[in-house]
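Remarks on the structure that follows.
Basis for what follows: all heavy atoms, side chains included, without hydrogens, waters or symmetry-related copies.
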Amino acid sequence: MTIILKQDHDALRAMMHDFAHVLRTRGSDALPDIARRRISFSQLFRQHMGREDARALDLRNGRQAAQADPVLREHGRAIRILFLRYSDHIKQWTPAQIDADCAGYRTAVLALQDGLRERMAWEEKHLHPLLAGEARKAA
């Protein structure tokens with residue numbers, strides 16, 4: 001399952017890269033494409049969070065619970081913050097607002113993407129090894 005989480009991260013990174021390219025090269029004339037990409041990204045992000053949350057719960061209830069607790073607490077805190085930032089971003093940047101300030105939207109998107117990239121790198125370094133270890137012990 002850790003492989004699936006890493007594949008999710010890779011897919012999210014690719015989507016963010018492609019989205020940033022559209023924003024840099026096409027701007028607000030690509031609003032229908034931007035809307036479609038936002039929805040696709042949101043769907044994968046939510047699916048990934050569900051998979052990751054399920055694995056984190058298994059870890060919290062598994063044999064490595066005490067060892068994993070600090071990592072799980074940090075992960076939960078950071079994910080809540082990231083999710084709230086993402087939700088606020090979606091609320092603020094309506095299609096009309098994007099059209100009115102495409103450069104501002106691009107700047108906001110790139111900042112949000114940077115935060116998500118950092119979070120995924122942290123998860124791959126700190127959380128995923130614990131998840132993989134728990135899966136091996138359960139097998």
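Here the CZ-CG distance, from R119 to D114, works out to 14.0 Å after rounding to the nearest 0.5 Å. Rounded to the nearest 0.5 angstrom, R106 CZ and Q113 CD are separated by 12.0 Å. One distance of note links OG1 of T107 with CG of L112; it measures 12.5 Å at 0.5 Å rounding. Rounding to the nearest 0.5 Å gives a distance of 11.5 Å between CG of D8 and OG1 of T2. Rounding to the nearest 0.5 Å places CG of L116 at 6.0 Å from CG of L12. Considering CG of D99 and OG1 of T94, their distance stands at 9.5 Å, rounded to 0.5 Å.
Between R80 and R77 the shortest side-chain heavy-atom distance falls below 4.5 Å. Side-chain contact between L127 and L72 is present, with heavy atoms from C-beta onward closer than 4.5 Å. Contact check for R117 versus W122: no side-chain heavy atoms found under the 4.5 Å cut-off.
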Tabulate below the donor-acceptor pairs under 3.5 Å that side-chain atoms of residues 30-39 make, not counting sequence neighbours, or state none.
residue, atom, partner, partner atom, Å
D33, OD1, R36, NH2, 2.6
D33, OD1, R37, NE, 3.2
D33, OD2, R26, NH1, 3.0
D33, OD2, R37, NE, 3.0
R38, NH1, W93, O, 2.7
R38, NH2, I90, O, 3.4
R38, NH2, W93, O, 3.1

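Heavy atoms only, all atoms of each residue included: L131 and A56 are closest at CD2-N, 4.1 Å. Counting all heavy atoms, side chain and backbone alike, M15 lies closest to F41 at CE-N, 3.3 Å. In terms of heavy atoms, H21 sits closest to T25 at O-OG1, 2.7 Å. Between A66 and P70, the shortest heavy-atom distance links the atoms O-CD, 3.8 Å.
Hydrophobic clustering, with ILVMFWY side chains joined whenever heavy atoms are under 4.5 angstrom apart, keeps Y86 apart from L110. Linking Ile, Leu, Val, Met, Phe, Trp and Tyr whenever their side-chain heavy atoms come within less than 4.5 Å leaves M49 and L5 in two separate clusters. The hydrophobic cluster containing L44 also contains I79, counting ILVMFWY residues as joined when their side-chain heavy atoms lie under 4.5 angstrom apart, directly or transitively.
Evaluation of the side chain to side chain contact (heavy atoms under 4.5 Å, CB included) rule for R13 yields K6, H9, D10, M16, M120, E124 as partners, not counting sequence neighbours.
Not a single donor-acceptor pair under 3.5 Å links the side chain of D101 to the backbone N or O of Q97.
Ring pair F19/Y105 is perpendicular by interplanar angle, where above 60° counts as perpendicular and below 30° as parallel.
Taking the charged nitrogens against the carboxylate oxygens, D88 and R85 have no contact shorter than 4.0 Å, which rules out a salt bridge. A salt bridge does not link E52 with R55: every distance from a Lys NZ or Arg NE/NH1/NH2 to an Asp or Glu carboxylate oxygen is 4.0 Å or more.
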